[in-house]
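I have placed the structure first, in the form of structure tokens, so that the comments after it can refer back to it.
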Amino acid sequence: MKIIPGVTTQVLAARIATELGTRASLCEFKRFPDGELYTRVVDEIKGEEVTIVQSLMADTGLISLLQLIDAVEEAHKTTVVIPYLGYARQDKRFKPGEAISSRAIARGISFAGIVDRIYVVNVHNPAVLRYFDVDAKDLNAAPLIGDYIAQRAIQDPVIIGPDEGARELAKEVAEPHGFDFDVLEKKRISGDQVQIKPKEVSVAGKNVVIVDDIISTGGTIAEAAALLKAHDANDIYVTCIHGLFAQNATLRILNAGVKEIIATDTIQSIFSEISVAKMIADELST
Ligand code: R5P
């Protein structure tokens, strides 16, 4: 199998290739003077089984993926791994006239019938996978975060999801290791007073690990961390599957009193401590 890296997901693609006992295929990427992206797969792929690896965290990722799909049209079988499927939060039409972005992207990727199957990692809303015309499977990196926390030997950690939407993730991280877990709950006390606190578990004097699927602007995590500090939490760690770290997210999170930020490598950053490469490689080889 040939592993074809997209322009912004080269490290993870190389790691997946290593797990499979091969090397990522060499590709050429460059920009034309007007900013357009140029992509060329250097290796011969005619009649081969290929796997393209490219996250969609910005428009460049999408263009790179579409170009690579077109470039490998003569492959025998094409798998696309999209470790971070961006635009999945626009999963329906909230206002008349809006694009359902996740559907638009899925339609684009499934174009021309080149792609045979798709893998994503912890997509924000798995329901968007129905928009693809081919089999699309969501892989779960939550156990990897749990294993990482266990291996770091953080004393008696409490796993906290910043909102109800993160409950399942917190549970999947915590349960295999017997960690306590909870989510933060917003309660309206009066017209202009809102109280946010852990629903059931006390965090006073405890080390807390906040888990979320995506960190974008860092607003959600910064608010959660400040609140947990106010409830006398000890050390606060932040973990996520997909670390976008848009704008000043890193500063917002660290300024809120967070000790450490840890992300997976679905999007490469200095916080990518946990690799999803083996999980993806295992799936590709089944
Ligand atoms: C929301 O539903 C997601 O799970 C994340 O909590 C959210 O996308 C994080 O965004 P931000 O970092 O901008 O607060």
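Given the structure is predicted, the values throughout are model-derived calculations rather than measurements. Numbering of ligands and ligand atoms starts at 1, following listing order.
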Nearest non-hydrogen atom to atom 10 (O) of ligand 1 belongs to which of A224, S216, G219?
-> S216
Per-atom contacts of ligand 1 with T220, taking only distances under 4.0 Å to non-hydrogen atoms = 6 (O), 9 (C), 10 (O), 11 (P), 14 (O)
So, T9 and Q54: side-chain donor and acceptor under 3.5 Å apart, yes or no?
-> yes
Under a 4.0 Å N-O cut-off, is there an ion pair linking R152 with E273?
-> no
Per-atom filter on ligand 1: closer than 4.0 angstrom to a heavy atom of I215 are 12 (O)
Compute whether any side-chain donor of one residue and acceptor of the other, for T39 and Q67, lie under 3.5 angstrom apart.
-> yes
Of all the non-hydrogen atoms in the protein, which one sits nearest to atom 9 (C) of ligand 1, and at what distance?
-> I214 O, 3.4 Å
Y84 and H242 aromatic ring geometry - parallel, tilted or perpendicular at 30°/60° bounds = tilted
pair T264-N122: side-chain heavy atoms closer than 4.5 Å = no
Which of the listed options, T217, D212, I253, L244, holds the heavy atom that is closest to atom 5 (C) of ligand 1?
-> D212
Could you tell me which atoms of ligand 1, counted from 1 in the order shown, lie closer than 4.0 angstrom to a heavy atom of H124?
-> 1 (C), 2 (O), 3 (C), 4 (O)
Does some non-hydrogen atom of G218 fall short of 4.0 Å from ligand 1?
-> yes
For ligand 1, is there an atom lying under 4.0 Å from some heavy atom of R89?
-> yes
Near D213 (heavy-atom distance under 4.0 Å), the atoms of ligand 1 are 3 (C), 4 (O), 5 (C)
Establish, from distance only, whether the side-chain atoms of S275 and D265 form a donor-acceptor pair under 3.5 Å.
-> yes
Is a side-chain donor-acceptor pair under 3.5 Å present for S110 with D133?
-> no
